[in-house]
Amino acid sequence: MSDPLKTFLQWLEDAKKNPSIKEPTAMCVSTVDASGLPRARMLLLKGADERGFVFYTNLESAKGLDLRAKPFAELCFYWNPPGRQVRVRGPVRPVTDAEADAYFESRAYWSKIGAWASRQSRPLGAYAELERAVAATALKHPLGKVPRPPHWSGFRLEPESIELWEELPFRLHRRVLHTKNTSGGWDAQPLFP
Ligand SMILES: Cc1cc2nc3c(=O)[nH]c(=O)nc-3n(C[C@H](O)[C@H](O)[C@H](O)COP(=O)(O)O)c2cc1C
C-alpha cells in the first residue's frame, strides 16, 4: 500500500533541491472562523513526520483564534516545476512547550524580537508603532537570551487525508486521495482531475 507521507517527503526534498523554487516549505493554511467561513494564508512548514505537519505562529492571531475554537485545518503545497500539489487535512493540536522552546531558540535574534513586538493580525496605526515596539523589545533583551513569548507557539496537524496531485499533459493530471483507515494505514482513491 502506498504511503502518501513518504511521497510528500520525497516531493519536498525534490523542491528543496530545485533552485527555481524559492520557498519550498511554503504552504497555504486554511482555517475556519467563528462564523464558519474559511480563512487562508501562507505559512512555512517547520517539520513533517508520522506525527504530523508542524507550523509556528502567534496564538492571538486570527489563525490562532480560529484554531483555538475549531482545531482543524487544511494545508496546500504547490511546487512548480515540476507541477505538484499536496493537500493535507486533519485535526490540529498545540506542540509541547519543550518543542516550541527548542524551535524558538533556533530562530535568529531579530525574528525572536519580532515575535514579541508584533501583535499579529491586530490593527496597526503608523508603521512607526511597530518599529517602536521592536526597539523597546530589543532594549529589554539586548543580545542575550530571548525567551519564547507566551503568545507564540506551534501547531501539529495530524493528517486524516493527503491528496497527491501531479501535473500531466493535456490536463489529464494524476490525482489520488489517501484517507487514513482504522488500522492506521492509508486507503488510496484515485479521483478525476
Ligand atoms: C511565504 C510566507 C511565509 C509565511 N510564514 C509564516 C509563518 O510561518 N508563521 C506566521 O505566523 N506567519 C507567516 N507568514 C505570514 C502569514 O501569511 C500571515 O500574514 C500572518 O500569519 C497573519 O495571518 P492571520 O491574520 O490569518 O493569523 C508568512 C507569509 C508568507 C508570504
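Just so you know, these numbers come straight off a predicted model, no measurement behind them. Both counts, for ligands and for their atoms, begin at 1 and track the order of listing. Here, residue 1 is the first one in the sequence, and each next residue gets the next number.
Ion pairing of Lys112 with Glu105 is present here, as a side-chain N (NZ or NE/NH1/NH2) and a carboxylate O approach within less than 4.0 Å.
Side chains of Thr179 and Gln189: a donor-acceptor N/O pair is absent below 3.5 angstrom, by distance only.
In Arg119, the CZ atom is not crowded: 12 or fewer heavy atoms of neighbouring residues, nucleotides or ligands sit closer than 6.0 Å.
Closer than 4.0 angstrom to ligand 1 lie heavy atoms from Arg41, Met42, Leu43, Leu44, Tyr56, Thr57, Ser61, Ala62, Lys63, Gln120, Ser121.
Checking side-chain atoms of Arg41 against main-chain N and O of Arg39 turns up a donor-acceptor pair under 3.5 Å. Judged by distance alone, with hydrogens and angles left aside, the side-chain atoms of Lys70 form no donor-acceptor pair with the main-chain N or O of Ala34 at under 3.5 Å.
Residue pairs satisfying the ring pair (Phe, Tyr, Trp, His ring centres under 6.0 Å) criterion with at least one member in residues 5-34, sequence neighbours excluded, are listed as follows: Phe8-Phe53, Phe8-Phe77, Phe8-Trp79.
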